[in-house]
Each structure stands twice: as C-alpha cells, then as structure tokens.
Amino acid sequence: VFVVIASLLAVIFIISPLQVGKARYYLNHAYQKASIHDVLSVFTDGHYLHVVWVMLVRNMKIVLWCLCLVFPGIYKSYQYYMIPYLLAENSSLSCEQIFAISKQMTRQQKFDIFVLNLSFVGWYFLGALLFGVGQIFVDPYCSATDVELYLARRSVYGKESS
C-alpha cells in the first residue's frame with residue numbers, strides 16, 4: 001500500500017511537472033539553445049501548484065474515461081494531448097482555457113496523432129531490443145516530433161481562432 005501511495009504522489013508532484021518541463025525544454029530547443037534548467041523551471045517559476053493541478057485533472061479525466069471503456073480513455077488522451085505543451089508555453093492560463101484550447105487544437109486530428117505515435121512503435125521496439133539503451137536515442141526523436149506537431153497545430157489553431 002505504501003508503494004502505491006508513494007508512486008501516486010511521485011506521479012502527481014514530480015513526474016507530471018517534469019513532463020511539462022520536458023515540453024518546455026523541447027519548445028525552447030525549437031527556437032534556440034535549451035538547457036537543463038528549462039526542464040526544472042516548472043518547480044521554480046511560481047506556477048508549480050497550478051501545473052500540478054492541471055496535470056492531475058488531465059490524468060484523472062483520462063483514467064475516469066478509461067473506466068467507461070478503453071476507447072473513450074484513448075480518445076480523451078489524444079484530446080488532451082497538447083496540455084503539457086500549453087502549460088510549458090503559458091502556465092498562467094486557467095485550467096478551463098487549457099482544456100478548451102487542447103480540444104480545439106486536436107479537433108479532427110486525433111487519428112492522425114495516433115498514426116504518428118504508431119509510427120514510433122518500431123523505433124521503441126528496436127530500442128527495447130538493446131535492453132533499453134536505444135530509448136536514449138528514440139525518446140528525444142519522438143519528443144522533438146511531438147513539439148513540431150504542437151507548433152504546427154498552434155499555427156493552424158491561431159489562424160482558426162482569429
């Protein structure tokens with residue numbers, strides 16, 4: 001029981017904010033040289049609790065939709081796919097705004113994002129064959145691709161909303 005509780009707390013207070021920090025790192029890397037401080041800036045930028053709250057709400061919504069059936073949970077995970085990137089760029093947006101923007105950015109794109117993620121399965125399998133060492137090379141490639149997807153959707157979303 002202690003291990004389960006400790007794992008949940010680690011996911012809520014450490015792993016989820018680090019996801020946002022990782023998104024911030026790759027976003028900054030798309031424009032300029034990034035540093036490890038970008039990953040850890042989530043803990044010091046004054047919006048830490050807000051980031052924890054939004055990511056907790058996101059994860060809880062996905063889990064609750066998964067309880068209905070697996071497919072709705074997968075659908076919602078793609079609907080909320082852009083949330084870490086939105087938080088990385090502007091962590092002062094309200095929870096409702098972040099969810100609404102993510103829904104708008106992924107509207108009619110969920111299957112395409114799924115296919116994009118599916119294209120990395122072979123790379124992850126190849127990385128696993130090397131006892132996980134290959135993941136060191138595969139994960140940055142996938143993360144950089146996700147950031148490019150976010151940037152492309154953001155530019156389209158900006159044109160749609162204006």
Separation of Ser143 OG from Glu148 CD (nearest 0.5 Å): 12.0 Å

Validation: residues 125-136 side-chain donor-acceptor distances under 3.5 Å, sequence neighbours left out:
none

Atom pair CG (Leu149) and CG (Asp112), whose distance is rounded to the nearest 0.5 Å: 9.0 Å

Selection residues 86-100 - residue pairs positive for salt bridge (charged side-chain N to carboxylate O under 4.0 Å, His left out), sequence neighbours left out: Glu89-Arg154

Geometric class of the Tyr26/His29 ring pair [parallel <30°, tilted 30-60°, perpendicular >60°]: perpendicular

Note, Ile101 side chain near Met82 side chain (heavy atom, < 4.5 Å): no

Side-chain donor-acceptor contact under 3.5 Å, Asn59 with Tyr80: no

Cluster check Ile98, Trp65: I/L/V/M/F/W/Y, side chain < 4.5 angstrom: no

Distance-only side-chain donor-acceptor flag, Thr106 / Gln109, under 3.5 Å: no

Mutual orientation of the aromatic rings belonging to His47 and His50 [parallel < 30°, tilted 30-60°, perpendicular > 60°]: perpendicular

Audit row: Ile113, Asn117, side-chain contact (heavy atoms from CB on, under 4.5 Å) steps and yes/no: CA-CA 6 Å; Ile113 298 169; Asn117 287 337; 4.0 Å; yes

Nearest-0.5 Å distance, NZ of residue Lys103 to NZ of residue Lys110: 9.5 Å

Within one Ile-Leu-Val-Met-Phe-Trp-Tyr cluster: Leu8 and Val52, side-chain cutoff 4.5 Å: no

Phe71 six-ring centre to Lys76 NZ/CZ under 6.0 Å and within 45° of normal: no

For Met105, the option from Leu86, Val156, Ile83 that meets side chain to side chain contact (heavy atoms under 4.5 Å, CB included): Leu86

Cluster link Leu64 to Ile74, ILVMFWY, side chain under 4.5 Å: no

OH-SG distance between Tyr75 and Cys68, expressed to the nearest 0.5 angstrom: 14.0 Å

Min side-chain heavy-atom separation Gln19-Arg58 under 4.5 Å: yes

Smallest separation among heavy atoms of Val147 and Ala23, with atom names: CG2-O, 4.4 Å

More than 12 heavy atoms from other groups under 6.0 Å of OH on Tyr78: yes

Euclidean distance, Asn90 CG relative to Leu87 CG, rounded to 0.5 Å: 9.0 Å

CG on Leu151 to CG on Asp146, rounded to 0.5 Å: 11.0 Å

Under 3.5 Å: donor-acceptor pair, side chain of Ser155, backbone of Ala152: yes

Over all atoms of both residues, closest heavy-atom pair of Pro84 and Val20: O-CG1, 3.9 Å

Polar side-chain atom of Ser102 near backbone of Phe99 as donor-acceptor pair, under 3.5 Å: no

Pair Phe120 + Tyr141: ring centers closer than 6.0 Å: yes

Within residues 19-39 or reaching into it, pairs that qualify as salt bridge (charged side-chain N to carboxylate O under 4.0 Å, His left out) - sequence neighbours excluded: Lys22-Asp139, Arg24-Asp45

Heavy-atom pair of closest approach, residues Phe43 and Phe13: CE2-O, 3.7 Å

Heavy-atom side-chain proximity of Ser41 to Tyr25 below 4.5 angstrom: no

Test item: Tyr85 side-chain N/O and Leu27 main-chain N/O as donor-acceptor pair under 3.5 Å: no

Nearest heavy atoms of Val11 and Pro17, plus distance in Å: O-CD, 4.4 Å

Same cluster (ILVMFWY, side-chain, under 4.5 Å), Trp53 and Leu18: yes

In one Ile/Leu/Val/Met/Phe/Trp/Tyr side-chain cluster, 4.5 Å: Phe137, Val121: no

